[in-house]
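This report refers to the structure that appears directly beneath it.
Note that the coordinates shown come from a computational prediction; the quantities given were computed from them, not determined experimentally.
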Amino acid sequence: MTTLTEYQRVAVVLALLAISVFLTYYFHAILMLGTVFSHFFYIPIILTALWWEKRSILVAIFLGGLVVISSFLYRPDLLSLNDYGRALMFVVIAFVVASLSEQLKGREQEVKRQRDLVQRYLDVAGVLFVVIGTDHTIRLVNRHGCELLGYREEELLGKDWFDTVVPEGVRGTRRQVFNEAIARKTALPGQREHPAVTRSGDELILAWQDTVLTGDDGRPIGVIGSGADITDRIRAEEEMREAHDEANLYLDIMTHDINNANAVALGYADLLEATLHGGEQEMIRKLRAGVSRSIEIIQNVTTIRRLHSRETATKPIDLDAVVRAEIAHHPGARITYGGTAAGVMADDLLSEVFANLIGNSIKFGDPGVEITVRVEDQDGEVLVSVEDTGPGVSAVVKPILFTRFARGTSSRSGKGLGLYIARTLIERYGGRVWVDDRVPGCPECGAAFRFTLPRSSRTREPPASSAPPAACRIVTARP
């Protein structure tokens, strides 16, 4: 719509006033009529009110005075209250329309102010913002969006969004999704990855989310969409994924080869230990301990890698079977376990928790250390305790014991990965882990490692009454 300039508006009003003067003269002086076709006079009054608000009252007074004075000069015998009423009506109409015009312009200015404010917010945003009409045309786009796509704002406004920005290969699908969102008045939830084409032909990946925009009557009038450029991040993730796969390949080769070397070393150590005596036999035992430490390190690295290579997907696990399998790995240890029918929510790495806790108790305890594994049902969860009669854990070490690379204070303290792995696994399952004194207030009487696991609805059948007394199993250590 073409907007008139100020000079053009003045020219239009002056022309209409000239016509009004001519009509008044024509009806009174030429036709000798007492009435004037005064409906025409409302046109300059209303236009002046719309363009200059209260100045229209001056035009109304001029036209009202024109009617009254002309009647008085040419047909004074027909001058009546009707002529005065008509002049007054001109002023009233001018005042009402001027007031409405002021209110309308005030609202327009407020809307413009709010629109400019929103536009400034959109322009400083670091993502693309766009309003797409139901006819697929771009109604609004912010400055960052123009810069991202390589266009000027006027080059995008009014253009078909899909023909201009969306790659040809997915254009039909994206258009269909858009039309379905308009039809059901709601867009797809969440954030999606959407490709976009710049003016230079480069393809970007946008983290896209949108919502349907509705009018006062509830009908959809378009879609508001926002997209953050994640092209560099996607490419970096792909490169990291390739590097990760390559690193895993090397790690698999190293783990396999080191384990093979350790197995050979342990085999020869066993053969030598049977043939040597005294100090030489003690040296072989230290060699075996070093190789065993190497195997433990490889196992920890493998476990940490498995922890970070997949998402947690818990399932019902037979807790009793896991505990008994780990006890079986230590045939020379003194371990008491009462059995349990409880099932827990975990995964196949749960055995690593018991391997680290029971292994720690054996490694850091005296040769005759006694270990007790207890399982108790609580509200919605299972409490597991691994207690030992070893040297215990000091109050200074307890708060940091489960952190990465934290070590105890004894000379036999490890590298601090085992308990960190145990804590990480337990928290992945939705549980918690801590350490207490086995005998409250007596740290030197041994430690009690406790942790909780979510209880599963599946439980194993308790052992028959005729079965061996597994409720109190003690395995005696080798002499």
How many angstroms lie between atom [atom1] of [X] and atom [atom2] of [Y], to the nearest 0.5 angstrom?
| X | Y | atom1 | atom2 | value |
| --- | --- | --- | --- | --- |
| T48 | F62 | OG1 | CZ | 11.5 Å |
| L383 | R374 | CG | CZ | 10.5 Å |
| L350 | I426 | CG | CD1 | 8.0 Å |
| T24 | F40 | OG1 | CZ | 10.0 Å |
| E376 | S385 | CD | OG | 6.0 Å |
| T403 | L419 | OG1 | CG | 9.5 Å |

Checking salt bridge (Lys or Arg N to Asp or Glu O under 4.0 Å) for the pair D388/R438: CA distance, chi angles, key distance, verdict? CA-CA 7 Å; D388 64 59; R438 185 178 65 87; over 6 Å; no
Does any N or O in the side chain of [X] come within less than 3.5 Å of the main-chain N or O of [Y], such that one atom is a donor and the other an acceptor?
| X | Y | answer |
| --- | --- | --- |
| S56 | A94 | yes |
| S361 | L357 | yes |
| T452 | V382 | no |
| N142 | F129 | yes |
| Q8 | T5 | yes |
| S101 | L50 | yes |

Is any side-chain heavy atom of [X] less than 4.5 Å from a side-chain heavy atom of [Y]?
| X | Y | result |
| --- | --- | --- |
| K54 | E102 | yes |
| V141 | K159 | no |
| S394 | P443 | no |
| I19 | F41 | no |
| V197 | V166 | no |
| C146 | L156 | yes |
| V131 | I138 | no |
| Y429 | M345 | no |

For residues [X] and [Y], report the shortest heavy-atom separation together with the two atoms involved.
| X | Y | value |
| --- | --- | --- |
| G227 | L206 | CA-CB, 4.3 Å |
| G133 | F178 | O-CZ, 3.4 Å |
| V13 | W51 | CG2-CZ3, 3.9 Å |
| R235 | E203 | NH2-O, 4.1 Å |
| P195 | V170 | CG-CG2, 4.0 Å |
| V212 | A187 | CG2-N, 3.7 Å |

Does atom [atom1] ([X]) have a neighbourhood of more than 12 heavy atoms from anything else shown, all under 6.0 Å?
| X | atom1 | result |
| --- | --- | --- |
| Q378 | CD | yes |
| F95 | CZ | no |
| R192 | CZ | yes |
| R184 | CZ | yes |

Go through L17 and L63 one step at a time and tell me if the side-chain contact (heavy atoms from CB on, under 4.5 Å) criterion holds. CA-CA 8 Å; L17 291 177; L63 293 175; 3.8 Å; yes
Steps toward side-chain contact (heavy atoms from CB on, under 4.5 Å) verdict (R175, W161): CA-CA 9 Å; R175 197 188 299 271; W161 167 261; over 6 Å; no
What residues form a side-chain hydrogen bond (donor to acceptor under 3.5 Å, both in side chains) with T198, not counting sequence neighbours? S200
Of all residues at least two apart in sequence or in a different chain, which pass the side-chain hydrogen bond (donor to acceptor under 3.5 Å, both in side chains) check with K185? none
So, H136 versus D163: side-chain donor-acceptor pair below 3.5 Å or not? no
If you measure only the distance, is there a donor-acceptor pair under 3.5 Å linking the side chains of R139 and T137? yes
Can you list everything that forms a salt bridge (charged side-chain N to carboxylate O under 4.0 Å, His left out) with R171? Sequence neighbours excluded, please. none
Verdict with supporting geometry, R432 and E427, salt bridge (Lys or Arg N to Asp or Glu O under 4.0 Å): CA-CA 6 Å; R432 52 193 177 90; E427 290 179 351; over 6 Å; no
I would like to know whether R455 and D379 meet salt bridge (Lys or Arg N to Asp or Glu O under 4.0 Å); could you show each step before the answer? CA-CA 9 Å; R455 201 183 199 287; D379 294 337; over 6 Å; no
Taking the basic N atoms (NZ, or NE/NH1/NH2) and the acidic carboxylate oxygens, is any pair closer than 4.0 Å for R199 and E155? yes
Assess whether side-chain contact (heavy atoms from CB on, under 4.5 Å) is satisfied between Y420 and F402, documenting all intermediate values. CA-CA 5 Å; Y420 165 75; F402 293 95; over 6 Å; no
Give the intermediate values and the outcome of side-chain contact (heavy atoms from CB on, under 4.5 Å) for residues V97 and I45. CA-CA 9 Å; V97 176; I45 294 174; over 6 Å; no
Kindly indicate, with the supporting measurements, whether the criterion salt bridge (Lys or Arg N to Asp or Glu O under 4.0 Å) is fulfilled by D347 and R428. CA-CA 10 Å; D347 61 16; R428 272 166 53 110; 3.6 Å; yes
What verdict does the ring-ring contact (aromatic ring centres under 6.0 Å, His included) test give for Y337 and F354, after you've listed the backbone C-alpha separation in whole Å, the side-chain angles of each residue and the deciding distance to 0.1 Å? CA-CA 13 Å; Y337 170 57; F354 289 96; 8.6 Å; no
